[in-house]
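A, B, ... follow the sequence lines: proteins, then strands. Residue 1 opens every chain.
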Amino acid sequence: MNNELESRLCASYEIYCLRGIVNPPMRHVVYMLPLASLGVVGICKIYTSTVYNLKATRHFINFHWGLSREEGTMSALCKARKVLDLCLTGCRSLSQLAELPETHQLLRQTCRDYADRELAPIAAKLDKEHVYPAKQVKELGAMGVMAMEVPEELGGAGMDYLAYSLAMEEISRGCASTGVVVSVNNSLYIGPVLKFGTEEQKKQWITPFTTGEKVGCFALSEPGNGSDAGAASTVARQEGEEWVLNGTKAWITNCWDASATVVFATTDKKLKHKGISTFLIPMPHPGLSLGKKEDKLGIRASSTANIILEDCRIPLNNMLGPRGAGFKIAMQTLDSGRIGIASQALGIAQASLDCAADYAHKRTAFGAPIGKLQAIQFKLADMAVAIESARLLTWKASLLRDAKKPFTKEAAMAKLAASEAATFCSHQAIQILGGMGYVTDMPTERHYRDARITEIYEGTSEIQRLVIAGQILKEYQS
Amino acid sequence: MRVIDYAVKIRVKPDNSGVVTDGVKHSMNPFCEIAVEEAVKLKEKKLVKEVVAVSCGPQQSQETIRTALAMGADRGIYVEVSGKDYESLGPLQVSKIMAALAKKEEAQLIILGKQAIDDDCNQTGQMTAALLDWPQGTFASEVSLDGDNVKVVREIDGGLETIRINTPAVLTADLRLNTPRYATLPNIMKAKKKKIANVKPADLGVDLTSRLEVLRVDEPPQRQAGMKVETVEDLVAKLKDAGRV
């Protein structure tokens, strides 16, 4: 590579970077010109307008390669196309973690406005009366929030998982129960059908569930096994043109308000967890009945109950994915669902921090607002750090998923960090509010109760640790 | 119009020259949201062909335009006004800009919010109509577009007044005109592709010099504690003492 040419290109590149006011379309033209002249193939990936901050690219590349500025960005890029790909993914993650793209900011603001105006005022009432927020779910459906990842042709919003995570956080900040309804519909019900369903199944089982009129649920856990998902005792046998299911599923969120469910049942007991298959059952349906609504500690506005299957007959093409793929489908679905729940936990944690910080300004003791006391300040700082770190983990997991890269470890880390942050923050928020935090006049007691479940469902914290450890050990395997 | 969000607690600057705006959350003026919603509704009823959202101000005003685009406007025009010009930007200057744009775009209908929640002037709509010599339907709580005229139900002190005015016309939206929609996610994505044209006031031939000078901004006086009295006579006596009666 001609040194003079290189340094000239670097110089012009620097100018474009530093100017920083080039509009996005201009940016990738600028970016492509120097690269085209270097004959770098495969720059088609750069068309994505997510290359927002070229400065970040340069810094990332230089950091990654330990190059000095003089050696220049160009030589690094020349070295390998793989570097370019790596850099762009890294660049996208880094710059998006620092500042969200404009659409995502607008989306976040819209969801926040909705949560502040429509959810927060009624959250206490929904919780007290155990009422399903049907009207709000329909409004969220109209906004596109109930089917965020679903492509527009099927009736969804066609957005990425980062957008979903942001929306979930803001909705949960207003009302955690509404958040879980949104999450179960998006990740646990629509998720597997979108990923593993045939075109026919997608039209039948997704499109009606995008508007908020209908919601779905996910039936994996049983009275005999939660974490031990491979030991499903619900059975499905084939009889002619039908599947007949028998068994009981436990702790199913949304079931009293749902119009369909994804059910996991054993089709071949001898194959153990490789003998589990996935089925779609409409609700109500003969042979499917619901147990009594559980009286829960938190997220009371969403219904949780058993689903009892007694000779429940469904057509053969209600099987989702191939026979025996049930366990794999469940695990992959839960990977994505974890990001949704992590976002819900973040919303709850943020709501408790907001409440505590506001109170710290207003409540006076010992002659000054309690916010002046170091004990309170340290609590607020710890809460903020816990939330922000969990948030960045969640965003990273979402970005990896959007980039179609492996994200199991990051999703587990996000859910673990966020749920523990939620219980920590809500606990501390009550402590900061003192007696006021213990009574229903303030929302902190509800956040405390809502936060607790995030460490349990969609994979307990213990399971998350096992998943993370498994991934780490795999990485270090020689 | 980009104003400080209605939920934010306003603080006066230490030098009493204005209120603190740096780092403070801003959003679209609530009455302007209602105006945008009405415009989008008219387009959905196929009574108007195109909705153009306009905002004047610093760079961040473009976010406000994007929100309008996400609600359903077709394109935006951003009039760049920053620095000293922005600090002295008042209804007269904005209405001059609006009038110039209306002529340039050959608009048939200008819908504004009745007033901005930061200065509460309630003048821009009326001034724009005067500059263009167009009829005005202000404080609209109901708008029906019918061919070349508009029936407007206005909220006035005595009740409701219905008028019929010819287009082109200026309308200002009052609170009960409609409930603004939340932008749907697909529309937020589509808004990214819609155009926002960049215009300078000089290009429109508008002179932004202000004839007003803000001398001082003060907080309202602190609320004093009240007093309980036993009888009506006590109350009257105390009021007389305070010089209120």
Side-chain angles (χ1 to χ4, degrees), chain A residues 21 23-25 49-50 100-121 136 138-160 162-164 166-168 170-171 174 182 186 210-212 354 358 361-362, chain B residues 2-9 11 23-30 32-34 36-37 40-41 44 53 55 58-73 76 78 80 82 117 175 178-198:
Chain A
I21 49 172
N23 291 322
S49 60
T50 58
L100 295 168
E102 211 185 311
T103 34
H104 291 69
Q105 283 185 29
L106 189 49
L107 158 77
R108 196 183 196 192
Q109 192 55 51
T110 307
C111 291
R112 182 172 291 194
D113 286 338
Y114 184 81
D116 285 342
R117 292 179 206 162
E118 310 283 339
L119 294 174
Q136 286 68 31
K138 282 203 196 92
E139 285 170 0
L140 287 168
M143 281 166 70
V145 173
M146 294 307 285
M148 289 196 68
E149 216 195 356
V150 175
E152 283 189 64
E153 314 85 71
L154 290 168
M159 301 202 84
D160 57 21
L162 179 63
Y164 168 58
L166 294 166
M168 267 301 298
E170 297 303 331
I171 304 285
V182 173
N186 267 285
T210 57
T211 58
D354 292 342
D358 186 60
H361 269 304
K362 296 184 175 147
Chain B
R2 182 174 169 267
V3 296
I4 298 182
D5 188 82
Y6 71 91
V8 168
K9 190 168 182 315
R11 287 200 307 275
V24 174
K25 180 174 174 220
H26 284 66
S27 44
M28 198 191 292
N29 185 34
C32 295
E33 271 181 18
I34 299 175
V36 173
E37 173 66 20
V40 173
K41 272 208 171 101
E44 285 172 351
S55 192
Q59 288 286 340
Q60 298 92 321
S61 300
Q62 300 199 49
E63 284 163 26
T64 318
I65 301 182
R66 284 249 181 258
T67 314
L69 292 175
M71 282 170 77
Y78 161 60
E80 204 180 314
S82 44
I117 61 171
L175 193 61
N178 59 47
T179 311
R181 65 191 63 189
Y182 290 100
T184 66
L185 273 42
N187 278 344
I188 293 178
M189 290 302 292
K190 289 195 192 112
K192 208 165 96 162
K193 299 194 190 101
K194 292 181 187 171
K195 280 202 151 80
I196 299 183
N198 219 322

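- Of residues 144-154 of chain A, those residues lying under 4.5 Å from chain B by any heavy-atom pair are A:G144, A:V145, A:M148, A:E152.
- Contacts between A:Q109 and chain B at a heavy-atom distance below 4.5 Å involve the side chain alone, from C-beta outward.
- With sequence neighbours left out, A:T211 forms a side-chain hydrogen bond (donor to acceptor under 3.5 Å, both in side chains) with no residue at all.
- Between B:A53 and B:A68, the shortest heavy-atom distance links the atoms CB-CB, 3.7 Å.
- When each of A:H104, A:M159, A:M143 is scored by its heavy-atom pairs under 4.5 Å with chain B, the top score falls to A:M143.
- For B:Y182, the ring pair (Phe, Tyr, Trp, His ring centres under 6.0 Å) partners are A:Y114, not counting sequence neighbours.
- When all heavy atoms of B:I65 and B:G76 are compared, the pair lying nearest together is CG2-CA, 3.7 Å.
- One N or O on the side chain of B:N29 and one on the backbone of B:I117 form a donor-acceptor pair closer than 3.5 Å.
- Looking at residues two or more places apart in sequence or on another chain, you find a side chain to side chain contact (heavy atoms under 4.5 Å, CB included) between A:D358 and A:K362.
- Between A:Q105 and A:L100 the shortest heavy-atom distance is NE2-O, 2.9 Å.
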